[in-house]
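Accompanying notes for the structure given below.
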Amino acid sequence: MSISFCLIARNEEKNLERVLTSIKPVADEIILTDTGSTDATIQIAQKFGAKISHFAWCDDLSAARNFGFKQATGDWIFWIDADEEFLAESADEIRRCLSQDNVFAYLILRQDLTDLGRLDLYSEMWLPRLFRRHKEILLIGRHHEQFKPSLVELAEKQGQVVEGSAIRIRHYGFAGPKRADKFSRDVKLLELELQERPGQLYYQIELYRTLLLMGDNRWRTVFAEAVENLRKYIEEENPPTPQVALLFETLLQLPQNELPAGFTQAKLRELVARWFPRSAPLLWILAKQDYEQSRFGEAEMILRQLIQMGKDRTYDRSVGFDPRILAGEAEMNLAVCLIRQASIIEATKILESLSARKEYHLAAEQNLNAIKRLRMGFSSKSRRRPRY
């Protein structure tokens with residue numbers, strides 16, 4: 001079975017050599033669809049033997065990707081981006097996947113880096129990136145592209161299935177500086193998408209999040225529209241889209257008197273428990289709220305859950321987040337919760353471990369010194385003669 005790696009690019013000379021180097025050993029064919037590069041993108045792609053096609057940019061990422069898919073001749077297609085990297089340890093796994101006759105498509109795991117200097121610090125997301133070449137494969141959406149019909153529907157037509165895999169890629173796009181021009185492009189595409197197909201909750205949420213990251217106050221209007229759209233789903237067993245978790249990150253942090261009609265903090269907590277019981281960002285917010293309201297035991301339980309999910313990677317992999325909330329940040333806050341509950345021995349062990357890590361050394365030492373002062377105060381009181 002042969003495989004075509006397909007990517008679109010425009011002025012990606014800084015990223016392209018990395019991704020092409022990573023896929024070259026496993027690719028039977030590399031399809032690069034250029035949307036108007038003016039740098040060395042084409043020359044780099046040629047050096048790796050890529051088949052280069054040109055697509056006139058029309059403010060539609062799906063259209064560009066669909067064009068690229070049509071250039072592929074492999075039995076399978078792997079969709080990858082210029083700011084990603086195929087991890088070499090996945091080579092055997094991808095060969096295994098291609099040999100399975102009953103599978104139409106695979107989900108792969110993308111490691112989203114937050115620090116270019118820390119390849120071990122990431123959260124993972126499931127993404128539908130490996131699928132059989134088929135005439136009905138089609139992406140829709142000007143940005144944040146989605147398959148229509150879904151890969152599951154296409155698989156069922158063929159009497160096949162969609163499965164998860166152990167294939168991993170690494171994503172560098174979140175780790176570098178946030179480019180204003182990229183944000184502006186994203187907003188433009190999302191606004192165009194909603195103009196053409198209004199009322200799509202998924203794209204309303206993506207637009208609100210992008211505006212929020214930009215610091216553009218228009219996010220409030222789009223947020224209100226998305227929440228109103230969400231209202232009709234709140235009694236459903238499952239969320240209408242995993243992206244709803246991103247809405248909840250803002251909803252949970254609003255004061256009770258600022259919540260939209262029909263929502264209370266109690267209702268939001270109930271929805272989190274029903275829809276997103278393993279969402280790391282939402283559990284983090286709930287732990288913070290419990291701590292601030294002196295519910296230290298409840299906060300401790302959530303923080304322990306976060307730490308365990310980080311160790312065994314059982315967190316919800318639908319949306320990205322800062323991976324530190326599953327490790328160092330959760331451990332530091334757990335230690336503080338334990339101090340507030342007088343569990344000094346365990347808190348000390350956690351803080352001593354954190355003190356050996358550069359990014360947590362100062363905060364850990366400050367808390368260890370606080371523990372020492374507490375112990376000294378307790379010792380001096382215990383030596384006083386009781387008064388009767």
Side-chain angles (χ1 to χ4, degrees), residues 5-8 31 33 35 55 57-70 72 76-84 103-110 112 124-158 160-165 167 169 171 173-174 182 185-211 222 225-226 229-230 233 236 238-247 275-276 279 316-320:
F5 277 75
C6 295
L7 64 157
I8 62 174
I31 304 292
T33 302
T35 61
F55 181 81
W57 180 241
C58 60
D59 294 323
D60 191 329
L61 287 168
S62 285
R65 292 200 195 280
N66 290 331
F67 179 82
F69 294 163
K70 286 183 171 61
W76 290 80
I77 290 175
F78 195 114
W79 154 18
I80 195 164
D81 287 335
D83 61 356
E84 296 171 344
V103 182
F104 181 80
Y106 289 95
L107 303 177
I108 63 99
L109 284 164
R110 185 180 75 184
D112 290 323
E124 291 184 326
M125 284 184 67
W126 286 113
L127 294 172
R129 294 292 193 86
L130 177 59
F131 44 89
R132 292 181 186 270
R133 184 167 61 89
H134 188 277
K135 62 182 180 180
E136 291 186 58
I137 288 287
L138 181 71
L139 288 171
I140 61 170
R142 288 178 177 268
H143 192 21
H144 297 287
E145 309 90 291
Q146 302 180 73
F147 288 95
K148 185 70 174 181
S150 72
L151 293 178
V152 171
E153 291 175 285
L154 289 177
E156 289 174 349
K157 282 186 180 182
Q158 311 301 314
Q160 295 171 317
V161 295
V162 176
E163 288 190 350
S165 76
I167 298 170
I169 62 175
H171 180 217
F174 295 154
K182 184 179 183 300
R185 183 210 66 175
D186 293 350
V187 167
K188 179 182 179 181
L189 297 184
L190 291 167
E191 288 178 335
L192 285 170
E193 178 65 27
L194 286 166
Q195 287 172 17
E196 292 175 354
R197 295 188 294 159
Q200 298 178 85
L201 180 59
Y202 176 88
Y203 287 105
Q204 287 175 331
I205 295 171
E206 291 295 348
L207 178 56
Y208 127 77
R209 282 288 287 188
T210 306
L211 291 169
V222 183
E225 292 170 353
N229 198 353
L230 174 65
Y233 299 103
E236 299 290 331
N238 298 305
T241 170
Q243 304 306 102
V244 168
L246 299 175
L247 272 185
W275 286 351
F276 306 109
S279 168
D316 186 334
R317 295 173 177 178
S318 300
V319 298

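This one's a predicted model, so the numbers in the text were calculated from it and none came from an experiment.
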* Decide side chain to side chain contact (heavy atoms under 4.5 Å, CB included) for Phe67 and Ile8; before the verdict, give the C-alpha distance in whole Å, the side-chain angles of both, and the deciding distance to 0.1 Å. => CA-CA 10 Å; Phe67 179 82; Ile8 62 174; over 6 Å; no
* Taking all atoms of both residues into account, what is the closest heavy-atom pair of Glu236 and Trp275, and its distance? -> O-NE1, 3.1 Å
* Is there a side-chain contact between Leu247 and Leu230, using heavy atoms and a 4.5 Å cut-off? -> yes
* Hey, would you say the His171 and Phe174 ring centroids sit under 6.0 Å apart? -> yes
* **Aromatic ring proximity, centroids under 6.0 angstrom, Phe147 and Phe131** => yes
* Asked: What residue among Glu206, Arg209, Gln204, His144 forms side chain to side chain donor-acceptor pair (under 3.5 Å) with Gln243?
  -> Glu206
* Does the pair Ile137 and Leu151 meet the rule for a side chain to side chain contact (heavy atoms under 4.5 Å, CB included), with working shown? -> CA-CA 8 Å; Ile137 288 287; Leu151 293 178; 3.6 Å; yes
* Asked: How would you list, by chain and number, every residue that makes a side chain to side chain donor-acceptor pair (under 3.5 Å) with Tyr106, sequence neighbours excluded?
  -> none
* CA sep, side-chain torsions, deciding dist, call: Arg65, Asp81, side chain to side chain contact (heavy atoms under 4.5 Å, CB included) -> CA-CA 10 Å; Arg65 292 200 195 280; Asp81 287 335; 2.9 Å; yes
* To do: Taking Asn66 for its side chain and Leu138 for its backbone only, find out whether a donor-acceptor pair lies under 3.5 Å.
  => no
* **Pair listing, salt bridge (Lys or Arg N to Asp or Glu O under 4.0 Å) test, anchored in residues 130-144, at least two apart** => Glu136-Lys157, Arg142-Glu196
* Asked: In terms of ring plane angle, is the pair Phe104 and His134 parallel, tilted or perpendicular, where the classes change at 30° and 60°?
  -> perpendicular
* **Qualifying residues under side chain to side chain donor-acceptor pair (under 3.5 Å), relative to Arg317, sequence neighbours excluded** => Glu124
* From CD1 (Ile108) to CG (Leu130), nearest 0.5 Å -> 8.5 Å
* Steps toward side chain to side chain contact (heavy atoms under 4.5 Å, CB included) verdict (Leu127, Leu107) -> CA-CA 5 Å; Leu127 294 172; Leu107 303 177; over 6 Å; no
* Arg110 and Asp112, any side-chain heavy atoms less than 4.5 Å apart -> yes
* To do: Would you give the length of the straight line joining atom CZ of Phe276 to atom CG of Asn238, rounded to the nearest 0.5 angstrom?
  => 9.5 Å
